[in-house]
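Just the heavy atoms: all of them, side chains too, but no hydrogens, waters or symmetry mates, feed the values below. All figures in this text were calculated on a predicted structure; none of them were measured in a lab.
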Amino acid sequence: MFTKIWQGFEKGNFAPVYLLVGEESYFVDETIKRLKAALSKEEETEVMTFDLNEQPIDFVIDEADTIPFFTERKLIIAKNASFLKATEKGKEKIEHDIKRLENWLANPTDTAITIFIAPYEKLDERKKVTKLMKEKSVLLLAETPQNNDLNAWIRSEVAKHGKAITETAIQKLIEMVGPNMLQHQMEIEKMSLYLGGEPEISMELVEDLVAKTLEQDAFKMLNAYLNNKQEEALIIYHDLLRQKEEPIKLVGLLANNIRTMIHVYYLQKKGYHQQQIAKQLKVHPYRVQMVSSQRNRPTDQRLLQALYTLANVDLQLKTTGGNRERHLELFLMKQL
């Protein structure tokens with residue numbers, strides 16, 4: 001859907017109103033970038049941005065209805081359209097004139113292109129304004145591609161830099177970066193520049209150049225511990241300590257990962273698939289995929305024992321002084 005709309009921009013095909021729904025910021029940023037580029041081919045474009053958490057919808061409508069001075073069309077970006085999602089009455093930051101918006105949507109001006117951005121997992125479909133917005137605008141769902149689609153997108157992004165990438169490198173990149181497409185884009189650009197005249201991104205290059213996150217390191221440390229690879233777990237732990245990470249924070253991350261594992265394995269036994277589990281646990285599907293793909297799954301008893309022991313480590317960290325790093329180190333040294 002996005003590709004078709006982006007190709008339309010290049011041909012000068014624009015709608016007066018777009019609605020971007022979803023949490024994947026890559027698609028939002030890329031759509032705005034391509035729209036600006038298409039509008040600026042012949043002349044400089046007027047661009048106005050409004051935050052609907054801070055400014056009323058009247059500002060957006062007034063600007064859209066004002067004829068542009070120097071260009072044929074102006075671009076209006078309306079961020080955080082929170083009035084489209086479910087909110088408790090009286091909890092709204094700004095009071096919006098929804099009736100005026102509904103009337104305006106019936107006949108939007110053609111001298112402005114207005115993009116409403118709703119960076120939320122889902123909208124409140126019961127609201128009249130939500131139904132009308134979806135009916136009167138071009139709806140684009142900013143969702144992270146799943147598995148094969150993400151692989152294909154990575155290959156396409158690498159090809160833009162005139163490079164190729166191995167299958168193992170793609171899997172390692174997804175493992176290290178997760179589902180964040182903006183981060184993928186930056187890492188691919190960085191590796192392509194580093195390669196110079198070399199043609200291919202390898203798994204070794206990904207391991208060397210891609211920035212590691214604390215969550216990934218904590219997940220790897222836990223897996224090493226659960227697989228009785230004490231030396232590997234301790235190497236990761238000491239590396240994190242050198243990065244000034246607090247042991248009490250690491251204990252929290254380890255415990256959170258264990259709880260996620262317990263819940264994922266339980267729901268899998270009940271017959272839930274990955275998307276259903278992610279929705280039930282309110283975590284990203286990629287996190288569920290990472291847990292599900294573990295080859296040597298620990299038993300529920302081992303996981304509960306590890307969680308109980310971590311609770312004691314947490315208590316020691318909060319109640320004793322001295323060498324605080326030692327408490328988690330001793331935990332990682334002992335086999336379950």
Side-chain angles (χ1 to χ4, degrees), residues 23 171-180 183 187 206-208 210-270 272 274 276-336:
E23 299 173 311
Q171 295 309 314
K172 178 55 68 173
L173 185 61
I174 293 173
E175 178 187 324
M176 295 183 71
V177 175
N180 189 321
Q183 188 65 31
E187 295 294 352
V206 172
E207 289 178 326
D208 289 342
V210 172
K212 297 179 178 66
T213 68
L214 176 58
E215 288 75 15
Q216 289 160 0
D217 282 337
F219 191 75
K220 285 178 65 178
M221 180 167 62
L222 177 61
N223 280 335
Y225 169 74
L226 292 174
N227 289 311
N228 291 321
K229 297 178 181 178
Q230 276 66 39
E231 185 178 353
E232 183 182 334
L234 287 169
I235 288 171
I236 297 170
Y237 177 54
H238 291 147
D239 187 46
L240 290 171
L241 290 178
R242 283 191 290 271
Q243 296 173 41
K244 307 299 182 185
E245 296 295 347
E246 281 291 324
I248 197 165
K249 183 178 181 180
L250 297 176
V251 167
L253 285 170
L254 292 174
N256 183 263
N257 277 322
I258 291 173
R259 282 191 289 269
T260 299
M261 283 182 173
I262 291 171
H263 290 138
V264 168
Y265 297 153
Y266 172 77
L267 291 173
Q268 280 186 325
K269 289 175 185 175
K270 291 287 185 181
Y272 286 69
Q274 290 184 11
Q276 290 175 316
I277 294 172
K279 188 174 182 180
Q280 188 82 8
L281 300 181
K282 296 181 180 178
V283 299
H284 198 281
Y286 180 76
R287 193 173 174 192
V288 176
Q289 182 187 333
M290 288 294 291
V291 172
S292 302
S293 63
Q294 298 302 304
R295 292 179 182 176
N296 301 315
R297 290 188 178 184
T299 63
D300 291 346
Q301 184 180 356
R302 292 184 77 219
L303 289 172
L304 289 170
Q305 185 183 340
L307 196 59
Y308 175 77
T309 310
L310 273 175
N312 289 329
V313 174
D314 183 68
L315 180 63
Q316 290 173 327
L317 286 168
K318 291 174 179 176
T319 56
T320 61
N323 189 350
R324 300 174 76 248
E325 292 85 357
R326 188 68 174 162
H327 297 299
L328 183 52
E329 185 177 58
L330 289 171
F331 166 83
L332 294 171
M333 290 172 67
K334 295 175 182 176
Q335 291 192 1
L336 274 175

Salt bridge (charged side-chain N to carboxylate O under 4.0 Å, His left out) contacts touching residues 251-265 (sequence neighbours left out): none

With a sphere of 6.0 Å drawn around CD of Gln243, does it hold more than 12 non-hydrogen atoms of other residues, nucleotides or ligands? yes

Salt bridge (Lys or Arg N to Asp or Glu O under 4.0 Å) against Lys318, all qualifying residues, sequence neighbours excluded: Asp314

Roughly how far, to the nearest 0.5 Å, is CG of Asn312 from CG of Leu317? 11.0 Å

Results of side-chain contact (heavy atoms from CB on, under 4.5 Å) for Thr319 - residues two or more places apart only: Leu315

Scan residues 249-268 for pairs that pass ring-ring contact (aromatic ring centres under 6.0 Å, His included), counting only residues two or more places apart or in two chains. none

Contacts of Thr320 meeting side-chain contact (heavy atoms from CB on, under 4.5 Å) (sequence neighbours excluded), chain-then-number -> Gln316, His327

With sequence neighbours excluded, what pairs up with Asp217 under the side-chain contact (heavy atoms from CB on, under 4.5 Å) test? Lys212, Ile236, Leu240

Ile277 side chain reached by Gln268 side chain, heavy atoms, under 4.5 Å: yes

Can you tell me how far CG of Leu303 sits from OG1 of Thr260, rounded to the nearest 0.5 angstrom? 11.0 Å

Enumerate the salt bridge (charged side-chain N to carboxylate O under 4.0 Å, His left out) contacts for residues 235-244, please, sequence neighbours excluded, ordered by first and then second residue. Asp239-Arg242

Could you check Lys172 against Val210 for side chain to side chain contact (heavy atoms under 4.5 Å, CB included), going step by step and ending with a plain yes or no? CA-CA 10 Å; Lys172 178 55 68 173; Val210 172; over 6 Å; no

Are Asn257 and Val291 packed together at the side-chain level, in the sense that at least one heavy-atom pair is separated by less than 4.5 angstrom? no

To the nearest 0.5 Å, what is the distance between CG on Leu250 and CG on Leu310? 10.5 Å

Pro298 and Leu226 have their tightest heavy-atom pair at CG-CD1, 3.9 Å

State, with a plain yes or no, whether a side-chain heavy atom of Glu245 is found less than 4.5 Å away from one of Tyr237. no

Would you please name every residue forming a salt bridge (Lys or Arg N to Asp or Glu O under 4.0 Å) with Lys269, sequence neighbours left out? Asp300

Which atoms form the tightest heavy-atom contact between Ala224 and Ala233, and what is the distance? CB-N, 3.7 Å

What verdict does the side chain to side chain contact (heavy atoms under 4.5 Å, CB included) test give for Leu267 and Val288, after you've listed the backbone C-alpha separation in whole Å, the side-chain angles of each residue and the deciding distance to 0.1 Å? CA-CA 11 Å; Leu267 291 173; Val288 176; over 6 Å; no

Compare every heavy atom of Ala218 with every heavy atom of Leu253, then report the nearest pair and how far apart it is. CB-CB, 3.9 Å

Please name all residues satisfying salt bridge (Lys or Arg N to Asp or Glu O under 4.0 Å) with Arg326, sequence neighbours left out, ordered by chain then number. Glu329

Apply salt bridge (Lys or Arg N to Asp or Glu O under 4.0 Å) to Arg324 and list each qualifying residue two or more places apart in sequence or on a separate chain. Glu246

Kindly give the heavy-atom pair with the smallest separation between Leu328 and Pro247, and that separation in Å. CD2-O, 4.1 Å

Using side-chain contact (heavy atoms from CB on, under 4.5 Å) as the criterion, list what pairs up with Gln183, not counting sequence neighbours. Val177, Asn180, Met186, Glu187

Taking all heavy atoms of Gln274 and all of Ser292, pick out the closest pair and write down the distance. NE2-CB, 3.8 Å

Return each pair, listed once, that meets side chain to side chain donor-acceptor pair (under 3.5 Å) where at least one residue sits in residues 220-234; pairs must be two or more places apart or across chains. Asn223-Gln294

